[in-house]
Colleague: 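So that we are looking at the same thing, I have put the structure below in structure tokens.
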Number of protein chains: 2
Amino acid sequence: MSSPEPGHAQAGRALADPAPVFAALGDTTRLKLVSRLGDGQAHSIAQLTDGLELTRQGVTKHLRVLEQAGLVRSSRVGRESRFTYVPEPIEDARSYLDSVSEQWDDALSRLKSFIES
Amino acid sequence: MSSPEPGHAQAGRALADPAPVFAALGDTTRLKLVSRLGDGQAHSIAQLTDGLELTRQGVTKHLRVLEQAGLVRSSRVGRESRFTYVPEPIEDARSYLDSVSEQWDDALSRLKSFIES
DNA sequence: GATAAACGCAACCAGAGGGTTGCTTATGAA
DNA sequence: TTCATAAGCAACCCTCTGGTTGCGTTTATC
């Protein structure tokens with residue numbers, strides 16, 4: 001019993017510490033990257049750089065951040081590195097937020113029934 | 001039309017740019033604070049500091065971050081500042097993650113039906 | 001084989017972040 | 001009124017972050 005709080009541990013996975021995932025999502029550029037990778041296809045760095053107004057190196061850095069948070073996986077194919085979306089961490093983050101909302105709802109209904117009694 | 005990607009805009013609110021909310025959640029201490037505030041009660045800074053191994057000033061800074069992200073609201077009552085949970089931003093973040101997952105699922109099923117054809 | 005494309009590595013920079021300490025101010029309780 | 005509690009303000013610290021540039025390396029392509 002020492003997870004970062006949200007009581008009822010929820011159904012699914014363990015989700016050790018969701019903070020790094022949220023931190024990785026806490027940047028507009030990275031959100032765009034995640035979204036673009038959400039199409040299920042593998043994309044090269046050059047591809048992903050296109051449309052974003054920053055250097056390829058900048059994009060690379062962001063991709064490494066996403067990769068370290070487990071949101072994305074990379075593999076070298078020929079002369080390019082292909083990045084693909086990994087769904088699990090976002091599922092985990094989602095269920096974490098679910099548990100927070102649930103906790104909140106429970107607190108509210110308890111409060112309500114207390115007032116009405 | 002210039003939101004940070006996820007196509008189908010989703011049902012609910014506008015959710016301008018979810019990045020700041022995720023960034024605010026991207027810290028273990030702040031997650032603990034949010035969770036503790038999720039009980040629906042108002043808590044003073046001293047209360048919230050208790051149990052966390054850092055200074056009251058440190059906690060205050062984190063609370064200001066949460067407040068600026070809209071996750072929390074503060075009001076002065078007597079000599080103490082009371083912080084309370086605000087549910088909307090987390091709802092928004094949740095539905096954003098929903099839209100990402102949905103996009104991913106759609107992509108997968110399209111791929112699958114393409115293979116099978 | 002020469003050229004171009006796609007990338008990795010390293011250095012560097014300014015600014016934000018997480019944290020502390022010290023001191024002052026407001027408010028409540030004795 | 002005096003004393004203790006709760007908090008605000010400001011300065012300071014070090015580290016991480018987002019971004020750049022420059023250059024070297026591998027892989028295609030002509």
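To find a chain, count down the sequence lines: A is the first, B the second, and so on, and within it residues start at 1.
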Colleague: Report the distance from atom CG of A/Leu33 to atom C1' of D/dG19, rounded to the nearest whole Å.
Modeller: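 From A/Leu33 CG to D/dG19 C1': 14 Å.
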Colleague: Run the side-chain contact (heavy atoms from CB on, under 4.5 Å) check on A/Val100 and B/Leu31 step by step: do they pass?
Modeller: CA-CA 10 Å; A/Val100 173; B/Leu31 282 184; over 6 Å; no
Colleague: How do A/Val59 and A/Arg79 order along DNA chain D: which one's closest nucleotide is nearer the 5' end?
Modeller: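 First, find each residue's nearest nucleotide; the 5'-ward one identifies A/Val59.
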Colleague: Is the side chain of A/Thr55 donor-acceptor paired with the backbone N or O of A/Gly58 at a distance under 3.5 Å, no angle test?
Modeller: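 No; judged by distance alone, with no hydrogens or angles, the pair does not exist.
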Colleague: Could you tell me the separation between the CG atom of A/Leu66 and the P atom of D/dG18, rounded to a whole number of Å?
Modeller: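 Rounded to the whole Å, the gap is 10 Å.
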Colleague: Filter on ring-ring contact (aromatic ring centres under 6.0 Å, His included), then keep only pairs touching residues 26-84 of chain B, sequence neighbours left out; what's left?
Modeller: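 Qualifying pairs, neighbours excluded: none.
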Colleague: So, using side-chain contact (heavy atoms from CB on, under 4.5 Å) as the criterion, who are the partners of A/Pro20 when residues are at least two apart?
Modeller: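 So A/Pro20 forms a side-chain contact (heavy atoms from CB on, under 4.5 Å) with A/Asp17.
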Colleague: Just to be sure I understand the rule, does A/Arg82 reach a base, reach only the sugar-phosphate, or reach nothing, if contact means heavy atoms closer than 4.0 Å?
Modeller: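 No contact.
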Colleague: Starting from C1' on C/dT20, measure out to CD on B/Glu53 and report it in whole angstrom.
Modeller: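 So the CD-C1' distance, B/Glu53 to C/dT20, works out to 15 Å.
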Colleague: Report the C-alpha separation of B/Leu33 and B/Leu52 in whole Å, then their side-chain angles, then the decisive distance to 0.1 Å, and conclude whether the side-chain contact (heavy atoms from CB on, under 4.5 Å) test is met.
Modeller: CA-CA 9 Å; B/Leu33 288 172; B/Leu52 300 181; 3.7 Å; yes
Colleague: Given atom CG of B/Leu54 and atom P of C/dG17, what is their separation to the nearest angstrom?
Modeller: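 Rounded to the whole Å, the gap is 17 Å.
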Colleague: Using heavy atoms and a sub-4.0 Å distance, could you list which residues of residues 69-78 of chain A are near DNA chain C? By number, please.
Modeller: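 Hits under 4.0 Å, by residue number: A/Arg76.
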Colleague: How large an angle, rounded to 10°, do the end axes of the helix from C/dG1-D/dC30 to C/dA30-D/dT1 enclose when each is built from five base pairs?
Modeller: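 Taking the rotation axis at each end, their angle is 20°.
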Colleague: The criterion is side-chain contact (heavy atoms from CB on, under 4.5 Å); which residues satisfy it with A/Ala42, sequence neighbours excluded?
Modeller: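 A/Ala42: side-chain contact (heavy atoms from CB on, under 4.5 Å) contacts with A/Arg82, A/Thr84.
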Colleague: Hey, what are the protein-to-nucleotides 15-17 of chain D N/O distances that come in under 3.5 Å?
Modeller:
none

Colleague: Report the C-alpha distance between A/Asp92 and A/Val21 in whole Å, list the side-chain angles of each, state the deciding distance to 0.1 Å, and finish with yes or no for side-chain contact (heavy atoms from CB on, under 4.5 Å).
Modeller: CA-CA 9 Å; A/Asp92 292 352; A/Val21 175; over 6 Å; no
Colleague: Rounding to an integer number of Å, can you tell me how far B/Glu80 CD sits from C/dT25 C1'?
Modeller: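 Atom-to-atom, B/Glu80 to C/dT25, this comes out as 16 Å.
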Colleague: Should A/Ser44 be listed as having a side-chain N or O under 4.0 Å from OP1 or OP2 of C/dA6?
Modeller: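 False: A/Ser44 side-chain N/O out of range (4.0 Å or more) of C/dA6 OP1/OP2.
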Colleague: If I take atom NE2 in residue A/His43 and atom C1' in nucleotide C/dC7, what distance separates them, rounded to the nearest angstrom?
Modeller: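 It is 18 Å, rounded to the nearest whole Å.
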Colleague: If you restrict it to nitrogen or oxygen atoms, what contacts under 3.5 Å exist between nucleotides 10-13 of chain C and the protein, and what is each distance?
Modeller:
none

Colleague: Tell me, please, which residues at least two apart from B/Leu108 pass side-chain contact (heavy atoms from CB on, under 4.5 Å).
Modeller: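 Partners of B/Leu108 under the side-chain contact (heavy atoms from CB on, under 4.5 Å) test: B/Trp104.
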Colleague: Tell me which pairs pass salt bridge (charged side-chain N to carboxylate O under 4.0 Å, His left out) where either residue lies in residues 40-61 of chain A, with sequence neighbours left out.
Modeller: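 Found none.
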Colleague: Can you sort out the partners of A/Gln57 under side chain to side chain donor-acceptor pair (under 3.5 Å), two or more places apart, ordered by chain and number?
Modeller: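 Applying side chain to side chain donor-acceptor pair (under 3.5 Å) to A/Gln57 gives none.
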Colleague: Take atom CD of A/Gln68 and atom P of D/dG18, then tell me their distance rounded to the nearest Å.
Modeller: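 Rounded to whole Å, this separation is 12 Å.
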Colleague: Is a side-chain donor or acceptor of A/Arg30 paired with a backbone partner of A/Ala24 at a separation under 3.5 angstrom?
Modeller: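 Checking the backbone N and O of A/Ala24 against the side chain of A/Arg30, a donor-acceptor pair under 3.5 Å is found.
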Colleague: Taking donor-acceptor contacts at under 3.5 Å, does the side chain of A/Arg56 reach the base of C/dA6?
Modeller: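 Answer no: no donor N or O sits under 3.5 Å from an acceptor.
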Colleague: Does A/Ser81 put a side-chain nitrogen or oxygen below 4.0 Å from OP1 or OP2 of C/dA6?
Modeller: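 False: A/Ser81 side-chain N/O out of range (4.0 Å or more) of C/dA6 OP1/OP2.
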Colleague: Which residues pass the salt bridge (charged side-chain N to carboxylate O under 4.0 Å, His left out) test with B/Arg73, not counting sequence neighbours?
Modeller: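 Once residues adjacent in sequence are excluded, B/Arg73 has no partner under the salt bridge (charged side-chain N to carboxylate O under 4.0 Å, His left out) criterion.
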Colleague: Using whole Å, report how far CG of B/Leu63 lies from P of C/dG18.
Modeller: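 From B/Leu63 CG to C/dG18 P: 13 Å.
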Colleague: Applying side-chain contact (heavy atoms from CB on, under 4.5 Å), name anything that partners A/Leu111, two or more places apart in sequence or on another chain.
Modeller: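 Partners of A/Leu111 under the side-chain contact (heavy atoms from CB on, under 4.5 Å) test: A/Ile115.
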Colleague: At under 4.0 Å, does any side-chain N or O of B/His62 touch on OP1 or OP2 of C/dG17?
Modeller: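 For C/dG17, OP1/OP2 do not have a side-chain N/O of B/His62 under 4.0 Å.
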Colleague: Looking only at non-hydrogen atoms, find the nearest pair between B/Gln103 and A/Ser35 and report the distance.
Modeller: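 Nearest pair, atom of B/Gln103 first, then A/Ser35: NE2-O, 3.0 Å.
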